[in-house]
Protein chains: 2
Amino acid sequence: MTVTLADVAARARVSPATVSRVLNGNYPVAASTRERVLRAVDDLDYVLNGPASSLAAATSDLVGILVNDIADPFFGIMAGAAQTQIGGPGDGSGRAGGEKLAVICNTGGSPERELTYLTLLQRQRAAAVVLTGGAVESPAHQAAMSAKLTKLADAGTRIVFCGRPPLPEGDALVAALAFDNRGGGRRLTEHLISLGHRRIGYVAGPRERTTTRHRLEGHREALHAAGLADEPAGGESADNGGTGSGDQDRLTVHGPYDRRSGYEATLELLRRAPDVTAIVAANDTVALGACAAVRDQGMRIPQDISVAGFDDLPFSVDAVPALTTVRLPLFEAGARAGRLAMGKESPPPGGIATIAAELMIRGSTAAPRG
Amino acid sequence: MTVTLADVAARARVSPATVSRVLNGNYPVAASTRERVLRAVDDLDYVLNGPASSLAAATSDLVGILVNDIADPFFGIMAGAAQTQIGGPGDGSGRAGGEKLAVICNTGGSPERELTYLTLLQRQRAAAVVLTGGAVESPAHQAAMSAKLTKLADAGTRIVFCGRPPLPEGDALVAALAFDNRGGGRRLTEHLISLGHRRIGYVAGPRERTTTRHRLEGHREALHAAGLADEPAGGESADNGGTGSGDQDRLTVHGPYDRRSGYEATLELLRRAPDVTAIVAANDTVALGACAAVRDQGMRIPQDISVAGFDDLPFSVDAVPALTTVRLPLFEAGARAGRLAMGKESPPPGGIATIAAELMIRGSTAAPRG
DNA sequence: CTGTTAGCGCCTTCAT
DNA sequence: ATGAAGGCGCTAACAG
């Protein structure tokens, strides 16, 4: 029924081994023989049986890319960029040569699904796995991830983190590209402070996420440095929970990384502290929601209130006014992660590289009135 | 080194066959035996070897989702929705039971890569393939796709189209969910006409794409019906090429489905026909670029010029002014496609269902001045 | 450079 | 309800 490698061998009048060799190209074969085999392949419309091949070779050509929310361009851009480096150029024949199958797995931000996908990838004997975006910080999940990743690495799967810090007990088995979320967050708030803002609201992302925590830490660093933090209670290491310093907590609202959350959290913020003159959002999408809320309250941006985002997604420059934000080189980082996953590029020294975040000052922030 | 099914069998003091049966759950096994096997699996941290399993069973648990551009939320939303139906709920154990591995493949809009991915998926003996978004209409590519899909279907792979019309020679092997792009495009332009617009520019998507053509056809239908089309030259079937009716061609500019194209095409449009009072964009992303161009020319929206989009992506409501657009139920369609791919839902009668598009009238369109 | 020979780990009749 | 045995299609030593 389906044509196998043996059929091709028969038609080309060679042994199955020879066919395998020309197909994999990793072994010397006479040009004339190769020619004959290739023709037989085309004649028969032969397609390699992936599972059989993977079983025999004990590796597969699958590369997994895990993302928290594929509907969010933040992840879409990184994942797409990674795929460009993994999928191979394609020879236009649709025949599929040595390229890998780069596949994106959407965890929806759920730790369980993240683990499940890793198991599925492990089951497929994936060649590499790229993990993007912030990690959930619960100790239980971290331990489970660590164990799972160790097992994957032991089985020969290459592990790459992209836009996510390496695990605490991160063995040197992995390469990691971490965004400078803390530095970006700090510079953003410093910008606001330099403009004259003193009461700044913060619409944070979900709790227990590295990205959320680091951006918030950067924000508070700037606040502290400017002497704007009342009752500095917990210090850096305590502010991912609920018990930070009093005033800062009142000016911080957590929520998912989506537009709706930005809208609602901003309303809440404005209720709690009507005197805020600026709002920093966890990311650009949240900022868009924040802008809508501010407007719906009859206030103007930036005259009455400044709004800033994070990430510099493509739509941010088109917001009205254009969004002040922190640019993350998502495409470049994704592409680099893809190359790392393919072993095309050697890992950074120490296994971890920090990716700079650049402050983009635009129209949505200005000096407070008065 | 790696633990196999035989190891589990030994530890549970049963035969490999029994272990296989409890793992696949499709065969009666004594409760006590199952218990023992499951414990052995946990003790040994056993993970099924996917390739071996697929080889023996001649099917895999891979489901491919093809998208044109994963950085575009249009595709991200559909793909994410499809994955929710395919990935399985996950039991929280990270153990991975019977769920499929739903993977997203980013073609970048390239016909070659589309074919390559299909070959890769065929090689993996994918259980199903979901194709999203508009198809390229070149006859050569259509023929190649048709041949490839037929082969996939013959090999037992389920084929589902989502937001894309079925192939011309589409066998009943497939289920298709097609968006009513033509109807949506028509209603959008009718809305503009009813507002009083007479000279309407159109920033179209890339040529030779079904989505582009259908939306444009809808637009021109509305124009014709209102008697606004000068020199109706080619008629419906001719206007995807360069030789449509004269004036309509001058008012139409093609480009990619991105923000930049919207910006540049709009500038071009404004140069060609400074008297246009409205601009219809191929989609919301393009519309954002169009808005920026209009503003950079010192004109206001909608007072000086109306702008409309298509798709109703999440950010569209947050544009200023909010974008008039055509809403496509992307999430619902993606989820349905996922169910279809899993065989959880029976195909629509005739294999093809048309998904309605709803006109969303917002602030970016208004009557022309004067 | 090419053919031969064994498995890779699992599923699936066929027995029992 | 469980065990035994063969083979899925390919690759990877070994020979030659």
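The sequence lines fix the lettering, A, B, ..., with proteins before strands; numbering per chain opens at 1. Just so it is clear, the structure is predicted and the values come from calculations on it, not from any experiment.
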Looking at every strand, decide which applies to B:A58 at a 4.0 Å heavy-atom threshold: base, sugar-phosphate, or nothing. nothing
Classify the nucleic acid contact of B:T33 as base, sugar-phosphate or nothing, counting any heavy atom under 4.0 Å across all strands shown. sugar-phosphate
Rounded distance (Å) that lies between atom [atom2] of [N] and atom [atom1] of [X]:
X: A:Q124; N: C:dG9; atom1: CD; atom2: P; result: 15 Å
X: B:R36; N: D:dA1; atom1: CZ; atom2: P; result: 15 Å
X: A:L48; N: D:dG9; atom1: CG; atom2: C1'; result: 9 Å
X: B:L23; N: C:dC11; atom1: CG; atom2: C1'; result: 12 Å
X: B:R125; N: C:dC10; atom1: CZ; atom2: C1'; result: 17 Å
X: A:L5; N: C:dT5; atom1: CG; atom2: P; result: 17 Å
X: B:Y27; N: C:dT12; atom1: OH; atom2: P; result: 11 Å
X: B:L55; N: C:dC11; atom1: CG; atom2: P; result: 11 Å

Residue [X], side-chain heavy atoms: nucleotide from [options] that is nearest:
X: A:A17; options: D:dA12, C:dC11, C:dC10; result: D:dA12
X: B:A30; options: D:dA1, C:dT12, D:dT11; result: D:dA1
X: B:R21; options: C:dC11, D:dT2, D:dT11; result: D:dT2
X: A:V29; options: C:dT2, C:dC11, D:dT11; result: C:dT2
X: B:T4; options: C:dC11, C:dG9, C:dC1; result: C:dG9
X: B:T2; options: D:dG3, C:dC10, C:dG9; result: C:dG9
X: B:V14; options: C:dT4, D:dG3, D:dG9; result: D:dG3

Go through the side-chain N and O atoms of B:S110 and B:T107 and say whether any donor and acceptor fall under 3.5 Å apart. no
Taking atom types as modelled, is there a side-chain donor on A:T119 or A:T116 under 3.5 Å from an acceptor on the other? no
B:A31 or B:A52: which one's nearest nucleotide on DNA chain D is closer to the 5' end? B:A31
Going by an N to O cut-off under 4.0 Å, is there a salt bridge joining A:R164 and A:E114? yes
Got a sec: does the CD of A:E35 have more than 12 other heavy atoms crowding it under 6.0 Å? no
Is the distance from OP1 or OP2 of [N] to the nearest side-chain N or O of [X] less than 4.0 Å?
X: A:T18; N: C:dT2; result: no
X: B:S15; N: D:dG3; result: yes
X: B:N49; N: C:dC8; result: no

Side-chain touch A:P348/A:R336, heavy atoms, less than 4.5 angstrom: yes
Can you tell me how far apart CD1 (B:I104) and CZ (B:F75) are? Round to the nearest 0.5 Å. 12.0 Å
